[in-house]
Student: 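I have a structure I would like to understand better, so I am pasting it below and will then ask my questions one at a time.
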Amino acid sequence: MIYLDNAATTFPKPVSVRSAVEECMSEWCANPGRSGHRMAMRSAESVYRARLEIADLIGAEADEIVFTQNCTGALNLALHGVLKPGDHVVTTMMEHNSVLRTLNSLRRYGVETTVIRCGKDGTLQAESVRAACRNNTRMIVCTMASNVTGTILPVEEIGKIASERKILFLMDGSQGLGVLEADVDSMGIDLLAASGHKSLMGPQGTGFLYIRRGTPVSPVTEGGTGSESGSIIQPKTVPEGMESGTLNVPGITGLAEGIRFVKRTGLNQIRKREEKLIEYLSSLIRESRDISENILSYGPGETDKKVGIFSFNIRGMNSERAADLLDRRYGIAVRAGFHCAPFAHRAIGTEDGGCVRISVSMFNTERDMYDTAEAIRDIIRIRKRDPDDVECSGSRNDKSE
């Protein structure tokens, strides 16, 4: 298997991550903050060290980090925990449904949303965000990079606009953190949501929300916190009041080790590696007339303007059919369809059938890229020779999210 679905979940995980999870589960996995025995204390220490690792990565403090089940949970906490009736939110067409569906749901409570148009390559003009702000704009929400095209959005400029207007800035770091530099102070970020299982190399079921000290966020899940246990009133302290229930200690332990791996390797090295792989794949496609004349590609042409994603369609073929062929005939795992980002597909012109997404990690190789280009070439040749052999008899719905 050539695994090229890293924008969904990175695979494989570093050996050190797997070892850290196994050690936790086999030697000291108890409830942190609930009991005073040594195993519980060891779990609490591991969770705190993970907070320190995240804080160091983004220029924050440990007590500003709230653990969540995933980035979706972090975004829901940020949006439901802050927005009130009468508030206005500015966001973009490149956002994931974790943002779009949550904002759509908040409409019933009187929260208004303006979605900023993006270019055909997924790019966004920061000044269009400024123009959309109103007197009642409470928050600007923007992804660090598109999960469809990989396009890097101008989050630093948007952060400046938010700071000037005294508007909260929520950044979705799922597709950028672990590859791109992020500093919450210099970028004017008040809230940063991220998943642990993508470029941070942690296990699935992990994520976090950075909450700048003093930012008013109400808990959205209530229950046991390990602190103030004698009261039936939910504490609002950060982070404990936002983390009701037992934490995923093995996952958080693995996430901390994933971040250490990223730091040891170096963000610049990871970024250069992924850029090199995507550029090599792009060059193979450009230089092959058989391929280039028969596919449509999406997103910026320059690899330095996007993270490690290459999205495309084969002319005359449903995207899910192409992905299915890559998997079954060539052992290449990619993602097809709408990628839980419907407005992004409107922006790039693929709203009718989505597209095929190739996404790399630092563990991929040039040979992976060569074999993928050859597989695409082969599918195109088969389609030309015998259209019935590879054409879809009917398009399938994108059921995966």
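Hydrogens, waters and symmetry mates play no part in the numbers below; they use all other heavy atoms, side chains included. Counting from 1, the numbers follow the sequence of the chain as shown.
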Student: Side chains of S46 and I252, heavy atoms from C-beta outward: is any pair under 4.5 Å?
Tutor: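 Side chain of S46 against side chain of I252, heavy atoms only: no contact under 4.5 Å found.
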
Student: Measuring from I58:CD1 to I259:CD1, what's the distance to the nearest 0.5 Å?
Tutor: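 Rounded to the nearest 0.5 Å, the CD1-CD1 separation comes out at 9.0 Å.
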
Student: Is it true that E164 and R130 have a side-chain N and a carboxylate O under 4.0 angstrom from each other?
Tutor: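 The answer is yes: the pair qualifies as a salt bridge.
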
Student: Can you tell me which residue pairs pass the side-chain hydrogen bond (donor to acceptor under 3.5 Å, both in side chains) test with a partner in residues 297-311, sequence neighbours excluded?
Tutor: Y298-N313

Student: Is it the case that S146 and T151 place a side-chain donor and acceptor less than 3.5 Å from each other?
Tutor: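 There is no such pair between these side chains.
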
Student: Applying salt bridge (Lys or Arg N to Asp or Glu O under 4.0 Å), name anything that partners R271, two or more places apart in sequence or on another chain.
Tutor: E275

Student: Going by distance alone, is a donor N or O of one side chain under 3.5 Å from an acceptor N or O of the other, for T92 and E95?
Tutor: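 T92 vs E95: donor-acceptor pair found between side chains.
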
Student: Between R357 and V148, is there a side-chain heavy-atom distance shorter than 4.5 Å?
Tutor: no

Student: Before you tell me yes or no, could you show the steps for D63 and R51 under side-chain contact (heavy atoms from CB on, under 4.5 Å), namely the whole-Å CA-CA distance, both residues' side-chain angles and the distance that decides it to 0.1 Å?
Tutor: CA-CA 7 Å; D63 62 358; R51 293 192 209 277; over 6 Å; no

Student: Please identify which of these residues, L325, I358, I376, L326, meets the side-chain contact (heavy atoms from CB on, under 4.5 Å) condition with I332.
Tutor: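 Looking at L325, I358, I376, L326, the match for I332 under the side-chain contact (heavy atoms from CB on, under 4.5 Å) is L326.
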
Student: Could R260 and E257 be called an ion pair, given the rule that one side-chain N must be under 4.0 Å from one carboxylate O?
Tutor: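 Result for this pair is yes, salt bridge flagged.
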
Student: Could you tell me if H88 and T114 have a donor-acceptor pair between their side chains, going purely by distance under 3.5 Å?
Tutor: yes

Student: Could you work out, with ring pair (Phe, Tyr, Trp, His ring centres under 6.0 Å) as the rule, every residue matching Y330, not counting sequence neighbours?
Tutor: none

Student: Check side chain to side chain donor-acceptor pair (under 3.5 Å) between E45 and all other residues, then give those that pass, not counting sequence neighbours.
Tutor: R49

Student: Hydrogens and angles aside, do S163 and K166 bring a side-chain donor and acceptor to less than 3.5 Å of each other?
Tutor: no

Student: Go through the structure and list residues passing ring pair (Phe, Tyr, Trp, His ring centres under 6.0 Å) with Y280, not counting sequence neighbours.
Tutor: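 Per chain and number, Y280 pairs via ring pair (Phe, Tyr, Trp, His ring centres under 6.0 Å) with no residue.
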
Student: Who passes salt bridge (Lys or Arg N to Asp or Glu O under 4.0 Å) against R212, sequence neighbours left out?
Tutor: D185, D190

Student: Consider only side-chain N and O atoms of S244 and Q234, and report whether a donor and an acceptor are under 3.5 Å apart.
Tutor: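 Present: a donor and an acceptor within the cut-off.
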
Student: Check whether the side chains of N31 and T246 place a donor and an acceptor atom closer than 3.5 Å, and report yes or no.
Tutor: yes

Student: Quick one: list whatever passes salt bridge (Lys or Arg N to Asp or Glu O under 4.0 Å) with R38, sequence neighbours left out.
Tutor: none

Student: State which residues pass ring pair (Phe, Tyr, Trp, His ring centres under 6.0 Å) with Y109; sequence neighbours excluded, sorted by chain then number.
Tutor: none

Student: Mind checking salt bridge (Lys or Arg N to Asp or Glu O under 4.0 Å) for R107 and listing every partner two or more places apart, or none if nothing turns up?
Tutor: none

Student: Does D290 pair with R381 as a salt bridge, N-O distance under 4.0 Å?
Tutor: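 Yes, D290 and R381 are salt-bridged.
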
Student: Applying side chain to side chain donor-acceptor pair (under 3.5 Å), can you list everything that pairs with T113, at least two apart in sequence or on another chain?
Tutor: none

Student: N364: what forms a side chain to side chain donor-acceptor pair (under 3.5 Å) with it, not counting sequence neighbours?
Tutor: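 N364 satisfies side chain to side chain donor-acceptor pair (under 3.5 Å) with N6, D368 only.
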
Student: Could you list the residues that satisfy ring pair (Phe, Tyr, Trp, His ring centres under 6.0 Å) with H345, not counting sequence neighbours?
Tutor: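 H345 satisfies ring pair (Phe, Tyr, Trp, His ring centres under 6.0 Å) with F338, H339 once adjacent residues are dropped.
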
